[in-house]
Amino acid sequence: MKYDFSAIESKWQKFWEDDKTFEVGIDHSKPKYYALVEFPYPSGAGLHVGHIKAYTGLEALSRKKRLEGYNVLFPMGFDAFGLPAENYAIKTGVHPRISTDKNIAHFSDQMKKVGYSFDWSRVIDTSSEEYYKWTQWIFLKMFDHGLAFRDTALVNYCPSCKVVLSNEDSQGGKCDVCHSDIVQMPKEVWYLRITEYCEKLLEGLARVDYPAYVKAQQENWIGKSTGAFVDFQLKGSEEKLRIYTTRPDTLYGVTFMVIAPEHPVIDRNAKVIKNMPAVEDYRAECAKKTEFERTQLVKDKTGVRLEGLSAINPVNGKEIPIYISDYVMMGYGTGAIMAVPAHDQRDWEFAKKFGIDIIEVIKGGDISKEAYTGDGEMINSGVLNGLTNKKDSIEKMLEFLEQKGIGEKGVQYRMKDWAFNRQRYWGEPIPIIHCPHCGLVGVPYDELPLRLPDVKNFEPGTDGESPLARIEEFVNCKCPKCGGDAKRETDTMPQWAGSSWYYLRYIDPHNDSAFASEEAKNYWLPVDWYNGGNEHVTRHMIYSQFWHRFLYDIGEVNTPEPYMKRTCIGLVLGPDGDKMSKSKGNVVDPLDVIKVYGADTLRTYVLFMGDYEKAAPWSENGVTGCKRFLDRVWGLQDILTGSEEYRAEFTSKMHRTIKKVTSDIDSVKYNTAIASLMTLINDFYSSGAVTRAELRDFCILLYPFAPHITEEIFEAQKFGGYIHNAKWVSYDEALCKEDEVEVAVQINGKIRDKLTVSAEAEQDEVIEAAKALERIAAEISGKQIVKAIYVKGRLVNIVVR
RNA sequence: GCGGGUAUGGCGGAAUUGGCAGACGCGCCAGAUUUAGGUUCUGGUGUCCAACACGUGCAGGUUCAAGUCCUGUUACCCGCACCA
């Protein structure tokens with residue numbers, strides 16, 4: 001009988017759906033397991049093979065965990081708000097609701113054709129009212145706790161998309177979506193005070209099992225640095241100028257100061273500054289530059305000295321000049337630095353250009369050539385002189401500063417507050433009312449969701465306003481506090497909002513009175529394993545770790561961390577080894593693969609194609625190989641014997657394969673798990689037969705990867721019930737060992753012969769047997785045996801001279 | 001510049017963590033089946049080969065034994081980046 005994959009696959013997909021096989025509920029009689037994969041944005045393009053690889057990993061784990069007796073929550077949903085649907089609407093006039101629903105239906109259909117064991121009763125859509133009601137609810141909680149606030153800022157503005165973008169969305173000075181150049185625009189915008197959670201986010205990393213590089217990336221993103229704040233008295237003004245430095249030990253080497261062009265101290269002391277016109281010119285020049293130009297295209301240091309204003313170095317009383325330069329940012333530290341040209345390359349370059357003194361305070365370099373940033377003996381440094389260790393000198397200086405009251409220890413973070421709004425239509429409306437009397441007032445909780453109104457024109461306003469601003473019925477409202485006329489906020493939340501908490505909704509997706517019940521939180525949280533793309537380990541994951549930690553702090557969830565374990569998938573590259581992209585024409589459509597080879601082949605291939613966590617090119621031939629493997633699996637039914645036991649010569653092989661597949665699935669080594677099944681099936685064919693017990697257990701091992709074919713064989717051969725209800729196979733460590741093993745025999749570390757011995761044989765016995773081998777005997781005769789080593793079950797090495 | 005990572009046949013990749021390098025799959029070669037192509041099956045396949053020998057980016061080192069450990073070095077990939 002031929003392996004008719006398409007009949008088999010549709011049969012079992014229908015069965016699982018009708019039977020609701022994978023729907024789960026709270027069941028205290030079983031241990032829970034929460035496996036989470038990143039949900040997709042339902043684009044018009046449909047599922048990509050990258051999605052397939054991402055989902056199939058934990059899909060295999062979930063199927064296995066169920067057989068192992070776990071109550072497995074493996075949900076799926078759609079991150080449905082976002083720009084593409086809106087841009088599509090602007091182009092075609094089709095409402096994002098309509099195109100999004102269509103895309104969700106298409107994605108769901110495709111996922112079902114792959115045979116995923118998602119709990120389809122829990123599907124969520126972040127753009128549905130039932131969902132975004134709770135996104136707004138969490139936002140309001142943050143607002144109530146002072147974590148959501150408005151501030152005027154220079155924002156990254158994309159003139160083409162007509163939206164304000166966060167720094168994360170405008171990397172490299174280009175818009176993430178349309179790749180136009182970003183310009184700077186002053187605007188009052190919403191922020192979430194994520195910086196308040198820097199320490200908690202860092203500390204949380206100790207509790208979770210993320211790959212080291214993921215932790216490193218998050219730490220890097222948060223960017224903690226420790227140092228000191230130091231106050232410099234201004235000469236010609238009453239003010240003190242506060243700077244931040246990580247090297248307070250170099251204070252004696254300070255020969256000038258630099259402040260950001262936007263620093264407010266300039267305006268406050270405008271009268272004293274003699275060259276204000278030149279200063280204003282420079283500031284205007286800087287304001288024109290985008291963030292990208294200011295930070296990326298650094299060729300030469302520029303700046304202007306503030307004539308008439310200077311500062312006093314607090315440790316030695318020396319008067320030093322102050323410059324403005326765009327190499328100092330207002331957004332980091334205090335917007336002012338003490339410059340130590342001898343030991344900081346940027347300061348060195350600036351000093352060289354402007355002819356400023358360079359004073360060496362750390363011995364060890366040649367400061368006439370470049371700044372010296374290494375360790376060395378402190379010189380010209382008063383109390384620090386003679387110290388040779390950076391840590392000691394920093395400590396001593398901090399002590400000194402605190403004692404004199406001129407400075408203190410300080411900490412800075414690279415991460416900035418999260419610009420939390422878009423002037424766009426297709427997103428969660430921010431549930432805030434602007435009242436002329438009461439200021440910002442939250443929409444009352446019982447009025448949530450604040451519905452996204454229907455509009456005809458999706459085009460954003462040319463001044464960066466949201467399309468919502470044009471809808472008077474939406475904008476005009478009464479203040480919930482004073483009852484007076486007020487206006488609604490018309491901005492919507494950014495793409496990242498809905499995905500920051502979606503894993504919490506899956507545990508109780510239809511709850512109307514809370515985002516999830518206490519019972520569900522207590523049972524399902526936290527997520528045990530979260531798998532997804534590398535590109536999400538900073539933005540998405542940090543954002544959701546922040547939201548979760550906030551909910552924990554206000555008692556809304558019971559675990560400080562959302563995700564206990566994280567893995568990242570390697571990219572699926574095109575057959576040419578390049579990143580898959582429509583423009584290159586190297587995109588593989590998973591549905592095409594399913595039509596020709598079947599879903600089981602597709603699933604097996606994406607896990608077999610290479611190291612799961614590394615990028616690998618798609619290979620049609622590789623797919624064929626997996627199809628051949630499944631053909632051979634099907635063919636095992638033709639060589640089936642009636643025995644309900646393992647054959648003696650297969651006992652050890654079976655147990656070893658069970659052990660390998662079991663541990664490999666748990667440790668993301670799907671490729672070697674599948675390889676070991678291929679080896680086993682090759683052995684079955686070589687022996688010309690397979691017993692019922694062998695085939696049954698083989699099917700269970702293969703089931704996580706290829707569930708349809710194994711369901712079918714299990715039923716056809718009447719192995720008992722359905723394979724999805726079977727118990728995962730167990731192995732006996734003792735039986736994994738072979739009775740006899742072949743060991744290599746080496747002379748001086750080089751292989752000379754092989755020897756078959758009992759696995760339990762002792763060292764002396766094996767060495768004697770090795771020496772007795774004809775070839776070995778010939779080679780060692782007349783030589784002195786210095787040493788002989790036996791590594792049990794592996795090799796013998798005879799060292800001769 | 002800082003942080004993280006990778007380097008193994010013609011290709012994707014294995015290697016119980018110091019113990020027979022190249023499992024498994026692809027590709028390729030030969031043979032069988034087939035009217036032919038494809039499919040399927042059998043055998044072979046790191047390099048040089050009769051053998052010795054040589055082989056895990058490169059150069060050293062430790063060890064009876066190194067893809068694995070140590071020192072140095074090169075190339076590539078990813079993240080952050082005038083962060084004071």
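What's counted below: heavy atoms across the whole structure, side chains too, no hydrogens, waters or symmetry copies. The model shown is predicted, which means the values in this text are computed figures rather than measured ones. Throughout, protein chains are lettered first and strands after them, A, B, ... in sequence-line order, and every chain is numbered starting at 1.
The environment of E762(A) atom CD is sparse: at most 12 non-hydrogen atoms of other residues, nucleotides or ligands sit within 6.0 angstrom. No more than 12 heavy atoms of other residues, nucleotides or ligands shown are found within 6.0 angstrom of NZ on K579(A).
Of the candidate nucleotides rC82(B), rA84(B), rG27(B), rG27(B) has the atom lying nearest to any side-chain atom of R628(A). Listed nucleotides rC24(B), rG12(B), rC82(B) differ in distance to M329(A); the shortest reach to its side chain belongs to rC82(B). Picking from rC20(B), rC80(B), rG27(B) the nucleotide with the shortest atom distance to the side chain of W221(A) gives rC80(B). Nearest nucleotide to the Y244(A) side chain, out of rG27(B), rA84(B), rC24(B): rA84(B). When the nucleotides rG12(B), rC80(B), rA84(B) are ranked by their closest atom to the side chain of T246(A), rA84(B) comes out on top. Set against rA84(B), rG13(B), rC24(B), the side chain of D611(A) has rG13(B) as its closest nucleotide. Of the candidates rA84(B), rC82(B), rG3(B), the closest approach to any side-chain atom of I337(A) belongs to rA84(B). Listed nucleotides: rA84(B), rA23(B), rG25(B). Nearest to the side chain of T245(A): rA84(B).
Residue R656(A) is classed as having no contact, given no heavy-atom separation below 4.0 Å to the nucleic acid. Here I789(A) lies in heavy-atom contact (under 4.0 Å) with a base. Here Y213(A) lies in heavy-atom contact (under 4.0 Å) with sugar-phosphate atoms only. Here E742(A) lies in heavy-atom contact (under 4.0 Å) with a base. Here N682(A) lies in heavy-atom contact (under 4.0 Å) with sugar-phosphate atoms only. Backbone-only engagement by K669(A) is indicated by non-hydrogen atom pairs under 4.0 Å involving sugar-phosphate atoms exclusively. A615(A) comes within 4.0 angstrom of the backbone, heavy atoms only, and of no base.
If you check distances only, the side chain of N797(A) does reach the base of rC64(B) with a donor-acceptor pair under 3.5 Å.
Nucleotides rA81(B) and rC2(B) have their C1' atoms positioned 8 Å apart, rounded to a whole Å. Spacing between rG10(B) and rU17(B) at atom P, rounded to whole Å, works out to 30 Å. Between rU56(B) and rG67(B), the two P atoms lie 7 Å apart (nearest whole Å).
Using cut-offs of 30° and 60° for the angle between ring planes, the W418(A) and Y543(A) rings count as parallel. The aromatic rings of H540(A) and H536(A) stand perpendicular to each other, their planes meeting at an angle above 60°, with 30° marking the opposite boundary.
Considering only heavy atoms from C-beta on, N220(A) comes within 4.5 Å of R414(A) through its side chain.
Each of L795(A) and R346(A) lies near RNA chain B, and the nucleotide nearest L795(A) is the one positioned closer to the 5' end.
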